[in-house]
Protein chains: 2
Amino acid sequence: MPPSKPSTTNATTAPVDEGAVRGLMGYNVKRAYIVLHSAAQQAAAAFDLRIPTFSCLSVIVRNPGITPSALAELLKIERSNLVVMVDELETRELVSRTQMKTDRRRFELKATVRGRRLHDKAAEAIAAAEAACLTALQDDEQQLLLALLNRIEGSMAD
Amino acid sequence: MPPSKPSTTNATTAPVDEGAVRGLMGYNVKRAYIVLHSAAQQAAAAFDLRIPTFSCLSVIVRNPGITPSALAELLKIERSNLVVMVDELETRELVSRTQMKTDRRRFELKATVRGRRLHDKAAEAIAAAEAACLTALQDDEQQLLLALLNRIEGSMAD
DNA sequence: AATAATAGTTATTGACCATAACTACTTTTG
DNA sequence: CAAAAGTAGTTATGGTCAATAACTATTATT
């Protein structure tokens, strides 16, 4: 990293040096994440969903009968934290939770028709909100970005 | 996105469909962020620093005399939340906080020698921890990733 | 049958972010 | 100049999200 020596004194007026942090990949990833997340959050709020709750619903829609444990593992959230989300989804009748006959410890999660409808609308709105944040990148650049991000995640997989 | 129709039933065994979320850039950014952040966090913890606190220290080191307000604006954190971090840095004698003569509402923040030393060591450790997460990417790919991320952030600047 | 492991739950904690309300001080402006 | 408005820092508080420990019920192991 370029040393960019500190100025001897800095009264708010001068251009501010972001210091070592801007050189860190994690900082830059976080800043981009905040942009995308707040846009997605706002879009999801229109459906009374928070992002983690939407993620749960989305996976349940695509995987009827998935168990809470499998869902938690996939989304990398703690089962204990999942409970309250599924509770809410069930209360709102977006998801059904039925005990399995073969193993009564387990539950099958399925989206209701209402759940599927809400999911589809929310997914569209969130995707649109994201797209508005990504206009600075061409389609192929977005694909490239995605691939690079996934290689970071993939290289650290358990 | 490819529709990838839901299977009629899915008992944990089958490959799980991540649903709409994997198609969202924000989700992918977050997953990569978690990898980088937890590595950085662990490295920072060895110096009894959390990442936001380290970021504050880092900017103060590079900008002697910066005010809390300018610091908060740069790091995009609330002034109210900054107070506790600066409190801690001051208590640990890593940073000094002196009232300005010209405007007694403002304070000048400066890193102490101890603060600079700790910062330099922590910055090195954090950078090393990050590098270990980025071995899957060549140097030029890392630069590309950084540029793409910054274009997202930049396009949404106030 | 006793023990261990698994699935789900509850309660609690901590990190982090955001807001409102406040004090002290400075700048604006009538 | 005095009143009003704005700025800097602070305090208190609440919300979201993540992580842990301890618990119950059920199934698998030996």
Side-chain angles (χ1 to χ4, degrees), chain A residues 11-13 21 26-27 30-31 33-35 37-38 40-42 44-45 48-56 60 65-91 95-109, chain B residues 11-13 21 26-27 30-31 33-35 37-38 40-42 44-45 48-56 60 65-91 95-109:
Chain A
T12 65
T13 60
V21 289
Y27 185 76
K30 178 173 195 178
R31 295 287 282 245
Y33 170 67
I34 289 172
V35 169
H37 182 256
S38 62
Q41 196 169 42
Q42 209 172 332
D48 231 318
L49 290 170
R50 280 165 290 110
I51 298 297
T53 313
F54 167 76
S55 302
C56 286
I60 294 169
I66 192 172
T67 63
S69 286
L71 181 53
E73 191 190 1
L74 182 72
L75 292 176
K76 295 212 193 300
I77 59 184
E78 292 298 318
R79 280 173 317 193
S80 59
N81 293 325
L82 193 77
V83 174
V84 293
M85 295 187 222
V86 175
D87 277 351
E88 189 202 328
L89 289 172
E90 195 184 23
T91 301
V95 155
S96 69
R97 171 160 48 177
T98 62
Q99 205 170 25
M100 289 175 74
K101 290 273 166 67
T102 58
D103 185 340
R104 276 160 39 211
R105 290 171 302 183
R106 292 182 173 171
F107 289 85
E108 285 188 342
L109 302 175
Chain B
T12 63
T13 59
V21 289
Y27 185 75
K30 178 172 194 179
R31 294 288 282 247
Y33 170 67
I34 289 172
V35 169
H37 182 256
S38 63
Q41 196 170 42
Q42 209 172 332
D48 231 318
L49 290 171
R50 279 165 292 108
I51 299 295
T53 313
F54 167 76
S55 301
C56 285
I60 294 168
I66 193 172
T67 64
S69 285
L71 180 54
E73 191 191 359
L74 182 71
L75 292 177
K76 295 213 191 297
I77 58 184
E78 292 299 318
R79 279 172 313 178
S80 59
N81 294 324
L82 193 78
V83 173
V84 293
M85 295 186 222
V86 175
D87 277 350
E88 189 202 328
L89 289 171
E90 194 184 25
T91 301
V95 155
S96 70
R97 170 159 50 178
T98 62
Q99 204 170 24
M100 288 175 73
K101 289 275 164 68
T102 58
D103 185 342
R104 275 158 42 207
R105 291 171 302 184
R106 293 181 172 170
F107 289 85
E108 285 187 341
L109 302 174

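Side-chain atoms are counted along with the backbone in the values below, which use heavy atoms only and exclude waters and symmetry mates. The chains referred to below are lettered A, B, ... by the order of the sequence lines, with proteins before strands, and numbering in each begins at 1.
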Would you indicate whether the side-chain heavy atoms of [Y] and [X] approach each other to under 4.5 Å?
X        : Y       : answer
A/Met85  : A/Arg50 : no
A/Leu109 : A/Cys56 : no
A/Phe54  : B/Val21 : yes
A/Glu88  : A/Thr53 : yes

Between B/Asn81 and B/Phe107, whichever has its closest DNA chain D nucleotide further toward 5' is B/Phe107

At 4.0 Å (heavy atoms only), tell me whether [X] reaches a base, stays on the sugar-phosphate, or touches nothing.
X        : value
A/Asp103 : sugar-phosphate
A/Ser80  : base
A/Arg79  : base

Please report, rounded to the nearest Å, how far the [atom2] atom of [N] is from the [atom1] atom of [X].
X        : N      : atom1 : atom2 : answer
B/Ile51  : C/dC17 : CD1   : C1'   : 16 Å
A/Asp87  : C/dT10 : CG    : P     : 7 Å
B/Met100 : C/dT26 : CE    : P     : 11 Å
A/Tyr33  : C/dC16 : OH    : P     : 14 Å
A/Arg104 : C/dA5  : CZ    : P     : 23 Å
B/Ile77  : C/dC16 : CD1   : C1'   : 10 Å
B/Met85  : C/dA18 : CE    : C1'   : 12 Å
B/Lys76  : C/dA18 : NZ    : P     : 11 Å

TODO: Select from A/Arg97 and B/Glu78 the residue whose nearest nucleotide in DNA chain C is closer to the 5' end of that strand.
DONE: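 The 5'-side residue here is A/Arg97.
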
Practice item. Report the distance from atom NZ of A/Lys30 to atom NE2 of A/His37, rounding to the nearest 0.5 Å. Key: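 Answer for the NZ-NE2 pair, A/Lys30 versus A/His37, is 11.5 Å.
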
Sequence neighbours excluded, the answer for side-chain hydrogen bond (donor to acceptor under 3.5 Å, both in side chains) partners of A/Glu78 is none

Taken in chain and number order and not counting sequence neighbours, the residues that satisfy salt bridge (Lys or Arg N to Asp or Glu O under 4.0 Å) with B/Asp87 are B/Arg97

With the side chain defined as heavy atoms from C-beta on, A/Ser69 is closest, among C/dT26, C/dA7, C/dT10, to C/dA7

| Leading and trailing nucleotides of DNA chain D with any atom under 4.0 Å from heavy atoms of chain B |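 Nucleotide range with atoms under 4.0 Å of chain B: D/dG6 to D/dA18.
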
